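In this chain, residues are counted from 1 in sequence order. When reading the values below, keep in mind they use all heavy atoms of this one structure, side chains included, and skip hydrogens, waters and symmetry mates. What you see is a predicted model; the values in this text were computed from it and never measured.
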Amino acid sequence: MIEIASITLREIRLPLKEPFRISSGLTTERRIALLELRDGSGAVSWSECVAGELPNYSPETIDTAWLAITEWLAPRVVGKSIAAPGDAFPILDEDIRGHMMAKAAIEMGIWGLEAVQLGMSLSKLIGGTRREIDVGISLGIQADPDALASRVTKALDEGYRKVKIKIMPGADITYVRAARQAAGPHAPLMADANNAYTLEDAEHLAQLDELNLMMIEQPLAHDDLVRHAELQKLLQTPLCLDESITSLDRARDMVTLGSGRIVNIKPGRVGGLASSIAIHSFCESNGIPVWCGGMLESGIGRAYNVALASLSNFVKPGDVSPSSRYWAKDIVTPEWKMTDRGTMVVPDGAGLGVDIDRDRIEDLTVREATIS
Ligand code: OSB
Ligand code: MG
């Protein structure tokens with residue numbers, strides 16, 4: 001039983017160490033909404049809303065999420081008793097369309113609170129079995145193919161087990177070819193287009209087939225499944241869907257239509273951990289490998305991704321990189337680190353398994369609201 005006494009929402013700003021360019025926009029500083037959930041006995045857990053500053057990945061932004069959480073979502077759970085974390089999403093979702101990242105932030109916080117109350121790690125609470133997860137890195141679009149090639153070889157030297165290359169028209173085939181030549185024929189490379197292409201680009205994209213990529217992520221529109229199915233028929237490289245999979249039903253549709261062969265699961269995009277677990281298990285039953293995506297999270301959001309990626313069907317390395325890849329200093333201790341094996345150790349301490357640096361969060365906070 002979880003009784004939520006209050007939710008405090010804060011916005012912090014964290015500058016990225018290196019600007020992150022994808023086909024749909026550039027991020028230099030993350031505006032991050034953090035939630036602090038408190039129960040009747042004073043137990044506390046934190047969670048993170050992954051919405052960006054602009055609606056260029058999904059329709060949500062940090063500002064729409066702020067509105068949705070303070071006006072509609074937090075009032076549904078504050079002062080209420082919830083039997084189990086799995087019951088939270090239906091309560092948040094009834095007659096409120098969309099706003100998945102806002103819903104996910106609360107839903108995940110409730111899982112975190114349950115883990116704290118039970119004195120159990122989040123990974124164990126959700127049924128995770130891996131003690132270490134494989135770490136990948138997502139590289140933004142670079143100035144030219146040579147710059148990309150050296151960034152990719154550096155990442156492989158550092159031990160990353162997968163390197164994802166962002167692509168867009170004008171920065172695709174020649175860039176990925178340069179990366180492949182520098183990295184060698186078997187290096188674990190993939191590409192992510194963030195919706196930059198249409199079906200008319202099928203022949204152009206087919207040039208990637210000879211570059212031995214693990215997968216091509218979300219080449220077509222953010223809400224498309226039908227055209228991805230057409231494209232998959234024309235490509236040998238597996239397609240992986242990110243933006244288009246917003247729920248378990250969309251994952252089912254992907255399989256029915258053949259729109260892709262791999263799924264990137266981001267808990268923020270699908271409304272939280274219960275939905276992520278359901279998609280994971282559905283994919284496992286249907287022979288679809290999954291991996292955990294990232295949204296340039298702080299160490300708090302990362303804790304949820306690490307726990308999720310400890311489930312059995314997360315068989316490919318995730319975009320769950322160490323804190324130092326993103327930030328000069330994270331907001332948790334210890335920071336998230338990559339082992340020399342290119343893995344991250346799943347914490348077994350109670351709750352998120354990291355301590356929250358409250359003082360640093362206070363210093364970084366630009367606005368705050370409490371619903372009690
Ligand atoms: O498409 O996976 C994506 C970041 C912001 C928005 C969309 C995406 C990404 C990433 C970053 O690829 C992955 C990470 O957090 O390291
Ligand atoms: Mg993506």
Side-chain angles (χ1 to χ4, degrees), residues 7 9 11 22 24 30-35 37 47-77 82 85-112 126 194-195 217-218 221-225 240-254 259-260 263-283 290-298 300-305 307-309 318-319:
I7 297 179
L9 191 55
E11 177 181 340
I22 67 176
S24 54
R30 285 286 279 122
R31 290 175 57 196
I32 298 174
L34 298 176
L35 276 64
L37 295 85
S47 64
E48 172 167 347
C49 179
V50 301
E53 180 163 16
L54 296 170
N56 59 349
Y57 168 79
S58 84
E60 287 183 272
T61 70
I62 178 168
D63 297 301
T64 70
W66 193 278
L67 176 80
I69 291 169
T70 54
E71 295 291 321
W72 311 314
L73 297 171
R76 285 206 175 173
V77 295
I82 296 171
D87 297 341
F89 183 74
I91 295 170
L92 296 166
D93 194 51
E94 190 185 5
D95 297 331
I96 296 180
R97 313 289 178 239
H99 300 282
M100 293 307 228
M101 293 174 179
K103 290 170 184 171
I106 295 181
E107 198 257 13
M108 291 196 277
I110 292 172
W111 283 97
I126 66 172
N194 291 105
N195 330 311
E217 186 175 337
Q218 196 74 34
H222 72 98
D223 54 356
D224 173 78
L225 290 169
C240 166
L241 295 185
D242 172 356
E243 284 89 330
S244 290
I245 306 299
T246 51
S247 65
L248 174 60
D249 276 343
R250 292 294 83 74
R252 290 187 173 121
D253 295 346
M254 182 196 91
S259 320
V263 176
N264 165 338
I265 300 182
K266 295 178 180 172
R269 194 191 64 226
V270 301
L273 284 178
S275 168
S276 298
I277 296 163
I279 293 169
H280 156 273
S281 302
F282 167 78
C283 287
V290 307
W291 53 279
C292 186
M295 291 292 290
L296 310 173
E297 286 91 346
S298 80
I300 292 176
R302 202 159 300 281
Y304 290 87
N305 289 347
L308 181 63
D319 286 346

Contact check, side chains of Glu48 and Ser298, non-hydrogen atoms, under 4.5 Å
yes
Atom pair CD1 (Ile91) and CG (Leu73), whose distance is rounded to the nearest 0.5 Å:
11.5 Å
Which heavy atom of Ala33 sits nearest a heavy atom of Ile62, and at what distance?
N-CD1, 3.7 Å
Return the CG to CG distance between Asn305 and Leu273, rounded to the nearest 0.5 Å.
8.5 Å
Walk me through it: do Val50 and Lys266 pass the test side chain to side chain contact (heavy atoms under 4.5 Å, CB included)?
CA-CA 9 Å; Val50 301; Lys266 295 178 180 172; over 6 Å; no
On a heavy-atom basis, which atom in Thr64 and which in His99 lie closest, and how many Å separate them?
O-ND1, 4.4 Å
Report yes if the side chains of Lys103 and Trp72 come closer than 4.5 Å at any heavy-atom pair, otherwise no.
no
Test item: Arg250 side-chain N/O and Ser244 main-chain N/O as donor-acceptor pair under 3.5 Å
no
Gap between atom CD1 of Ile106 and atom CE of Met101 - 0.5 Å precision
15.0 Å
Does Ser58 reach the side chain of His222, with side-chain heavy atoms less than 4.5 Å apart?
no
Distance-only, no hydrogens or angles: does the Asn56 side chain make a donor-acceptor pair with backbone N or O of Ser24 under 3.5 Å?
yes
Would you mind listing every salt bridge (Lys or Arg N to Asp or Glu O under 4.0 Å) that reaches into residues 52-61, with sequence neighbours excluded?
Arg31-Glu53
Can you check side chain to side chain contact (heavy atoms under 4.5 Å, CB included) on Glu297 and Tyr304, steps first, answer last?
CA-CA 10 Å; Glu297 286 91 346; Tyr304 290 87; over 6 Å; no
Side-chain contact test, heavy atoms from C-beta onward, threshold under 4.5 Å: evaluate it for Leu92 versus Glu107 and give yes or no.
yes
Backbone N or O of Ser247 within a donor-acceptor pair of the Ser275 side chain at under 3.5 Å?
no
So how far is it from Glu217 CD to Asn195 CG, rounded to the nearest 0.5 Å?
10.0 Å
Heavy-atom nearest pair, Gly272 first then Ser276, reads O-OG, 2.7 Å
SB check Asp242 Arg269 (cutoff 4.0 Å)
yes
Value for CD (Glu94) from CZ (Arg97), rounded to nearest 0.5 Å, stands at 9.0 Å
Whether Ser47 side chain and Met108 backbone form a donor-acceptor pair below 3.5 Å:
no
Check: Trp291 and Ile265 side chains under 4.5 Å, non-hydrogen atoms
no
Nearest non-hydrogen partners of Leu241 and Met254, listed with the distance
CD1-CG, 3.7 Å
Note: Leu308 and Pro267 closest approach over all heavy atoms is CD2-CD, 3.8 Å
Distance, nearest 0.5 Å, that separates CE of Met100 from SG of Cys49
12.5 Å
Testing the basics here: between Ile126 and Ile277, what is the closest heavy-atom pair and its distance to 0.1 Å?
CB-CD1, 3.9 Å
Taking the side chain as every heavy atom from C-beta outward, state whether Ile7 and Leu37 have any pair of such atoms under 4.5 Å apart.
yes
Check whether any side-chain heavy atom of Glu243 sits under 4.5 Å from a side-chain heavy atom of Asp223, and report yes or no.
no
Any non-hydrogen side-chain atom of Arg76 less than 4.5 Å from a side-chain atom of Ile96?
yes
